[in-house]
Amino acid sequence: MSMVRTGVAVAAMMWAGLSQAQDVIKIGVIAPLTGPQAASGQQIVAGAKLYQALNGTKVGGKTIELVIKDDTGVADITRRLAQELIVNEKVAAITGFGLTPLALAVGPVITQAKVPAVIMVAGTSMIVGTSPYFVRISFTLPQNTAPVAQWAVENNVKTAVTLVSDYGPGLDAAGAFKKRLEAGGGKVTEELKAPLADPDFAPFLQRAKDLKPDALFLFVPAPTAGALMKQVVDRGLPQSGIKVVGTGDVTDDDQLNGMGDGVLGMITSYNYSASHDSAENRKFVAEFKKANANRRPNVIGVGGYDGIHAIYAAIAKNNGNTEGPKLIEAFKGLSWTSPRGPVSIDPETRDIVQNVYVRKVERKDGELYNMEFKTYENQKDPK
Ligand code: VNL
């Protein structure tokens, strides 16, 4: 009798364990939490955790569990972690990817395993086309560059020099700037490229100053912005008669206050500003600061937040079914109001469609902000 009862009890416990496992959906978050890109990883994780803190962990009766891993910004580690998360943890999707090479490294893994990967940061245009399982909620560099190039055309810039980090997003940004400026009658007179790792910007900035163009266009990945802009300001470029412009990566919200008054007046275009004037953003910024020792969210923080939102929305749309081929379909055509403004996922390309804003660095309430003054609505990647 007691053996029967024990058997029943064990079976009941096993059943409880099994149904509990089935009720949990694991999502792998791979981010550079240490190393030179650590600032990006911290923003990803802070944004992702904030989404769960504000919206709970339940979707369609299941519990969403984030499994967070540090790839240290090294692509081979990103790939290995993706494999381990898929094979051992049985994650329904992976997300994160703080740099273009880190996203590209997981393409073959997700294609083979048929597991969706949601890109929260990487911005090189071609990434999403390399696997039918990629979705992007961040931005593309051509998308974020075209409006500031248009601003240059409209503000009498006839000659420009471009200075970018020498890898995918930098080449995309420089190419997009040149295309727009030259379509508007201007000319890029020199295309400078600085190494991605440990760059010394001094010789490039001196070269740009000597060339005396009407404008200097800049792109570096956001965590490098502070180092670049210190050199730009120290060399007096903004005062030299050259209009210094860029994508919003170089006036990164996470570091803008540390750049000082030398960056006042700088024009950039971007998909997100911490000063974006909407109810959703005011709440997002206030809650992010509260949860992160008053740190300001940047484009990557909002990427972490929106990436988890997109995953929740896709799982909800499928009533909790997370089979890879069905889950990737559910991302197509999603639309929502992000802290950055209205966004959607293009069902054809799986890339983000969003507003891009032209902004100017101004002082507000004692702090530096990128103040939006012109909006280009519903921008796709301008292929
Ligand atoms: C990339 C593009 C990375 C823009 C960034 O910061 C950024 C990338 C980490 O595609 O590697 O601001």
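Keep in mind that the numbers below use all heavy atoms, side chains included, and drop hydrogens, waters and symmetry copies.
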Engineer: Can a side-chain donor-acceptor contact be found between Asn355 and Thr375 if the only test is distance below 3.5 angstrom?
Structural biologist: no

Engineer: Check the hydrophobic clustering (I, L, V, M, F, W, Y; side-chain heavy atoms under 4.5 Å; chains of links allowed) and say if Leu163 and Met259 are grouped together.
Structural biologist: yes

Engineer: If you measure from NZ on Lys360 to OG1 on Thr268, what distance do you get to the nearest 0.5 Å?
Structural biologist: 12.0 Å

Engineer: Within the 3.5 Å criterion, strictly below it, is a donor on Lys193 or Ser165 matched to an acceptor on the partner's side chain?
Structural biologist: no

Engineer: Under 3.5 Å, is there a donor-acceptor pair between the side chain of Thr63 and the main chain of Val24?
Structural biologist: no

Engineer: Quick one: does Val121's side chain get under 4.5 Å of Ile44's, heavy atoms only?
Structural biologist: yes

Engineer: Within the distance-only criterion (no hydrogens, no angle test), does the side chain of Arg180 pair as donor or acceptor with the backbone N or O of Val148 below 3.5 angstrom?
Structural biologist: no

Engineer: Quiz question: by atom type and distance under 3.5 Å, do the side chains of Thr247 and Asn144 form a donor-acceptor pair?
Structural biologist: no

Engineer: Any chance the side chains of Tyr272 and Asp253 put a donor and an acceptor closer than 3.5 Å?
Structural biologist: no

Engineer: Got a donor-acceptor contact below 3.5 angstrom from the Ser338 side chain to the Arg340 backbone?
Structural biologist: yes

Engineer: Quick check against the 3.5 Å criterion: does Lys374 have a side-chain atom that pairs as donor or acceptor with the backbone of Pro147?
Structural biologist: no

Engineer: Between Asp172 and Ser125 (side chain of the first, backbone of the second, donor and acceptor by atom type, cut-off under 3.5 Å), is there such a pair?
Structural biologist: yes

Engineer: Could you tell me whether Lys380 and Glu348 have a side-chain N and a carboxylate O separated by less than 4.0 Å?
Structural biologist: no

Engineer: Consider side-chain hydrogen bond (donor to acceptor under 3.5 Å, both in side chains). Of Asp252, Asp249, Thr251, which one does Asn298 pass it with?
Structural biologist: Asp252

Engineer: Has Lys49 got more than 12 heavy atoms of other residues, nucleotides or ligands less than 6.0 Å from its NZ?
Structural biologist: no

Engineer: Indicate the atoms forming the closest heavy-atom contact of Pro382 with Gln143, along with that distance.
Structural biologist: CD-N, 3.4 Å

Engineer: Spell out, as yes or no, whether a donor-acceptor pair under 3.5 Å connects the side chain of Asp214 to the backbone of Thr159.
Structural biologist: yes

Engineer: Within this structure, what is the CZ-CD distance for the pair Arg350 and Glu329, rounded to the nearest 0.5 Å?
Structural biologist: 9.0 Å

Engineer: Could you grab the distance from atom NZ of Lys114 to atom CD1 of Ile328, nearest 0.5 Å is fine?
Structural biologist: 12.5 Å

Engineer: Is Gln112 atom CD crowded by more than 12 heavy atoms from other residues, nucleotides or ligands, each under 6.0 Å away?
Structural biologist: no

Engineer: Has Asp198 got more than 12 heavy atoms of other residues, nucleotides or ligands less than 6.0 Å from its CG?
Structural biologist: no

Engineer: Is the distance between the ring centroids of Tyr51 and Tyr312 under 6.0 Å?
Structural biologist: yes

Engineer: Looking only at atom types and distance, does a side-chain atom of Thr124 sit under 3.5 Å from a main-chain N or O of Ile127, one as donor and one as acceptor?
Structural biologist: no

Engineer: If we ignore hydrogens and angles and just use 3.5 Å, is the side chain of Ser273 paired with the main-chain N or O of Asn370 as donor and acceptor?
Structural biologist: yes

Engineer: Is the number of heavy atoms from other residues, nucleotides or ligands under 6.0 Å of Lys230 NZ greater than 12?
Structural biologist: no

Engineer: Check for a donor-acceptor pair, side chain of Gln37 on one end and backbone N or O of Pro32 on the other, with a separation under 3.5 Å.
Structural biologist: no

Engineer: Going by the angle between their ring planes, with limits at 30° and 60°, are Phe97 and Phe134 parallel, tilted or perpendicular?
Structural biologist: perpendicular

Engineer: May I ask you to check whether Thr78 and Asp71 show a side-chain donor-acceptor distance below 3.5 Å?
Structural biologist: yes

Engineer: Indicate if Phe373 and Val250 have the same hydrophobic cluster label, given that clusters are the connected sets of ILVMFWY residues with side-chain heavy-atom separations under 4.5 angstrom.
Structural biologist: no

Engineer: According to a 4.5 Å side-chain heavy-atom criterion applied to Ile, Leu, Val, Met, Phe, Trp and Tyr, with indirect links allowed, do Leu33 and Ile27 form part of one hydrophobic cluster?
Structural biologist: yes

Engineer: Between Phe201 and Phe217, is there shared hydrophobic-cluster membership here, with clusters defined by ILVMFWY side-chain heavy atoms closer than 4.5 Å?
Structural biologist: no

Engineer: Are any of the side-chain nitrogens in Glu367 or Arg296 under 4.0 Å away from the carboxylate oxygens of its partner?
Structural biologist: yes

Engineer: Please determine whether the number of non-hydrogen atoms from other residues, nucleotides or ligands lying under 6.0 Å from atom NZ of Lys289 exceeds 12.
Structural biologist: yes

Engineer: Kindly determine whether Lys62 and Ile315 satisfy side chain to side chain contact (heavy atoms under 4.5 Å, CB included), including the steps that lead there.
Structural biologist: CA-CA 10 Å; Lys62 310 230 173 165; Ile315 293 171; 5.9 Å; no

Engineer: From the options Ile345, Thr95, Asp306, select the one residue that forms a side chain to side chain contact (heavy atoms under 4.5 Å, CB included) with Val118.
Structural biologist: Thr95

Engineer: Rounded to the nearest 0.5 Å, how far does CD of Gln206 lie from CD of Gln231?
Structural biologist: 11.0 Å

Engineer: How long is the gap from CG on Leu99 to CG on Leu196, to the nearest 0.5 Å?
Structural biologist: 6.5 Å

Engineer: Between Val115 and Ile137, is there a shared hydrophobic cluster once you connect ILVMFWY residues whose side-chain heavy atoms come closer than 4.5 Å?
Structural biologist: yes

Engineer: Between the main-chain N or O of Leu237 and the side-chain N or O of Ser240, is there a donor-acceptor pair closer than 3.5 Å?
Structural biologist: yes

Engineer: Do Asp76 and Arg79 sit within salt-bridge range, that is, some charged N less than 4.0 Å from a carboxylate O?
Structural biologist: yes

Engineer: How long is the straight-line distance from CE of Met371 back to CG of Asp277, given to the nearest 0.5 Å?
Structural biologist: 7.5 Å

Engineer: Under 3.5 Å, is there a donor-acceptor pair between the Thr111 and Ser131 side chains?
Structural biologist: yes

